[in-house]
Every structure is written in structure tokens, then in C-alpha cells.
Amino acid sequence: MTQPPIRLTVNGRIHDVTAERQTPLLYVLRNDLGLNGPKYGCGLGECGTCTVLIDGAAARSCVIPVGGCAGRDIVTLEGLGTSDKPDVVQQAFIDEQAAQCGYCLNGMIMTTKALLAINPQPTEQEALAALRYNLCRCGTHVEILRAVMRASSQLAGAVD
């Protein structure tokens with residue numbers, strides 16, 4: 001018996017994918033849709049490298065079954081901006097050189113994007129609290145925090 005396709009809206013585009021409903025969303029994004037922003041890190045939802053936005057909230061795609069994502073708005077790193085016109089958050093991370101190996105950046109950027117959507121002017125403590133479950137093994141935490149605060153101030157400047 002063949003499973004009916006699962007209709008996903010990813011980065012504003014509709015995709016009908018054939019996958020078992022319990023397949024992690026991350027596998028479908030990377031393997032079926034060719035979106036490599038979200039990374040496989042721990043496979044347990046603990047490190048944050050697989051973070052995407054689902055209906056605007058940061059979510060760990062390695063532990064979310066794709067069957068539960070039908071009808072929801074999914075945004076990956078590729079859906080934020082382009083290399084010619086990066087999103088404000090992406091540009092802030094570039095400007096602050098907030099990467100060494102870069103493996104954690106997807107999660108840091110996507111979590112920051114979700115944070116700034118609900119709290120456009122977080123304090124440093126609020127930013128740290130939002131990012132506390134995103135792991136960076138290279139130690140660029142200072143630069144990452146500066147990038148979050150830069151993005152916040154740039155967004156505030158755009159509103160004023």
C-alpha cells in the first residue's frame with residue numbers, strides 16, 4: 001500500500017513528498033528537497049544545528065516527524081535571504097564574523113530569527129537565554145551574541 005504524498009510548504013514553495021510519516025523532517029529537507037542549511041548534529045534535538053522555523057517558531061527538525069508538518073509554514077536558512085541580499089540576521093552574523101567552523105550557524109541564525117520576531121529588542125541576557133540550547137564547540141559565543149545584538153539594533157533602526 002502506497003502512502004499518499006505529504007504536502008509541505010517550505011520557504012514559500014509547495015512540495016509533495018513521499019515519505020513515511022514518522023521520517024524526521026530534517027531528512028526530507030536535506031535528502032528530498034536538497035536544502036542543506038539545517039545540519040544533522042546529534043539526532044536528539046539537543047544541539048540545535050537542525051533548527052528550522054515552523055509557523056515562525058524555532059523547531060528541531062531532527063526530531064519532528066514530517067507527517068506533522070503538513071499545512072504548516074516551514075522556513076529554512078535558505079528561505080531567509082540570498083547571498084546577494086542576506087537577511088538582517090544573516091548579515092549581522094557575517095559582519096560580526098560569528099563563525100569558526102560554521103556548523104552551529106544554522107541553529108544560531110534560525111533561533112535568533114525566531115527570537116527577534118517575538119522580542120525585537122532583547123537584552124543580552126534574553127538573547128543568551130534564547131540561544132542556551134544551541135551548541136557551539138568552537139567558542140564563538142561572544143561574536144554570536146554581538147551578532148544577535150547587531151541584528152536587533154538594525155531592526156530597531158529600520159522601525160524608527
Side-chain angles (χ1 to χ4, degrees), residues 8-12 22-69 72-83 85-159:
L8 300 176
T9 303
V10 181
N11 299 332
Q22 291 304 313
T23 302
L25 174 61
L26 176 65
Y27 296 177
V28 171
L29 294 173
R30 289 182 63 82
N31 300 337
D32 297 331
L33 302 183
L35 298 168
N36 294 316
K39 307 284 186 250
Y40 182 89
C42 66
L44 301 171
E46 294 182 4
C47 72
T49 61
C50 67
T51 303
V52 297
L53 302 179
I54 300 179
D55 295 334
R60 307 298 169 98
S61 65
C62 73
V63 294
I64 296 177
V66 70
C69 296
R72 304 190 62 194
D73 183 41
I74 302 164
V75 178
T76 68
L77 187 66
E78 293 89 347
L80 294 185
T82 65
S83 57
K85 191 172 182 341
D87 179 81
V88 170
V89 174
Q90 291 170 313
Q91 189 62 55
F93 274 73
I94 292 166
D95 292 344
E96 292 297 337
Q97 298 180 19
Q100 267 188 28
C101 83
Y103 207 79
C104 73
L105 279 189
N106 175 77
M108 297 292 186
I109 290 170
M110 300 308 285
T111 302
T112 299
K113 188 73 177 165
L115 167 66
L116 296 180
I118 59 170
N119 183 359
Q121 294 185 315
T123 64
E124 285 189 4
Q125 290 304 328
E126 290 168 329
L128 289 171
L131 293 171
R132 72 186 175 276
Y133 296 116
N134 290 71
L135 303 180
C136 172
R137 291 185 173 94
C138 296
T140 58
H141 296 88
V142 171
E143 292 84 354
I144 290 168
L145 181 58
R146 279 199 321 249
V148 174
M149 301 316 289
R150 175 187 284 256
S152 172
S153 72
Q154 288 177 341
L155 287 171
V159 173

Non-hydrogen atoms of Pro38 and Cys50 that approach each other most closely = CB-O, 3.8 Å
task = Output, in order, the C-alpha distance, side-chain angles, deciding distance and verdict of side chain to side chain contact (heavy atoms under 4.5 Å, CB included) for Leu35 and Val10.
result = CA-CA 10 Å; Leu35 298 168; Val10 181; 3.5 Å; yes
message = Using side-chain heavy atoms (C-beta onward) and a distance below 4.5 Å, is Ile144 in contact with Phe93?
response = yes
inquiry  = Quick one, Thr82 and Lys85 - any side-chain contact, counting heavy atoms below 4.5 Å?
reply    = yes
query = Could you go step by step and tell me if Thr51 and Asn106 meet the side-chain hydrogen bond (donor to acceptor under 3.5 Å, both in side chains) rule?
reply = CA-CA 7 Å; Thr51 303; Asn106 175 77; 5.3 Å; no
Close side-chain approach of Leu26 to Arg60, heavy-atom, < 4.5 Å = no
task = Would you give the length of the straight line joining atom CG of Leu131 to atom OG1 of Thr111, rounded to the nearest 0.5 angstrom?
result = 6.0 Å
task = Indicate yes or no: at least one non-hydrogen side-chain atom of Leu25 is less than 4.5 angstrom from one of Ile54.
result = yes
ask   = So, Thr49 side chain and Lys39 main chain: donor-acceptor pair closer than 3.5 Å or not?
value = yes
task = Applying salt bridge (Lys or Arg N to Asp or Glu O under 4.0 Å), name anything that partners Asp73, two or more places apart in sequence or on another chain.
result = none
task = Kindly say whether Glu143 contributes a backbone atom to a donor-acceptor pair with the side chain of Arg146 at under 3.5 angstrom?
result = no
remark   = Taken to the nearest 0.5 Å, the spacing of Thr112 OG1 from Met108 CE works out to 8.0 Å
request  = Give the intermediate values and the outcome of side chain to side chain contact (heavy atoms under 4.5 Å, CB included) for residues Val52 and Val75.
outcome  = CA-CA 6 Å; Val52 297; Val75 178; over 6 Å; no
key: Minimum side-chain heavy-atom gap Pro120-Leu155 below 4.5 Å   = no
request  = In sequence, state the C-alpha distance, the side-chain angles, and the governing distance for Val88 and Lys113, and then conclude on side chain to side chain contact (heavy atoms under 4.5 Å, CB included).
outcome  = CA-CA 9 Å; Val88 170; Lys113 188 73 177 165; 5.9 Å; no
task = Could you list the residues that satisfy salt bridge (Lys or Arg N to Asp or Glu O under 4.0 Å) with Arg150, not counting sequence neighbours?
result = Asp95, Glu96
message = Please find the pair of heavy atoms, one from Ala92 and one from Ala147, that lie closest to each other, and give the distance.
response = CB-O, 3.3 Å
Donor-acceptor contact present, side-chain Gln100 to main-chain Thr140, <3.5 Å = no
ask   = Any idea which heavy atoms bring Pro122 and Leu115 closest together, and the distance?
value = CG-CD2, 4.0 Å
inquiry  = Rounded at 0.5 Å granularity, tell me how far CG in Leu33 sits from CG in Leu8.
reply    = 7.0 Å
message = With a sphere of 6.0 Å drawn around CD of Gln97, does it hold more than 12 non-hydrogen atoms of other residues, nucleotides or ligands?
response = no
N/O donor-acceptor pair under 3.5 Å between Asn134 side chain and Gly107 backbone = yes
ask   = Is there a donor-acceptor pair closer than 3.5 Å between any side-chain N or O of Thr9 and the backbone N or O of Gly12?
value = no
query = So how far is it from Thr76 OG1 to Leu53 CG, rounded to the nearest 0.5 Å?
reply = 9.0 Å
ask   = Between Glu78 and Asn11, do the side chains contain an N or O donor and an N or O acceptor separated by less than 3.5 Å?
value = no
message = Set out, in order, the CA-CA distance, both residues' side-chain angles and the distance that settles side chain to side chain contact (heavy atoms under 4.5 Å, CB included) for Leu77 and Gln90, then state yes or no.
response = CA-CA 9 Å; Leu77 187 66; Gln90 291 170 313; 3.7 Å; yes
inquiry  = Counting only heavy atoms not in Tyr103 (residues, nucleotides, ligands), do more than 12 fall under 6.0 Å from its OH?
reply    = yes
ask   = Does a donor on one side chain sit under 3.5 Å from an acceptor on the other, for Gln125 and Thr123?
value = no
key: Distance in Å, Cys104 SG paired with His141 NE2, rounded so as to fall on 0.5 Å steps   = 7.0 Å
query = Hey, what do you get for CD (Gln22) to CD1 (Ile64), rounding to the nearest 0.5 Å?
reply = 12.0 Å
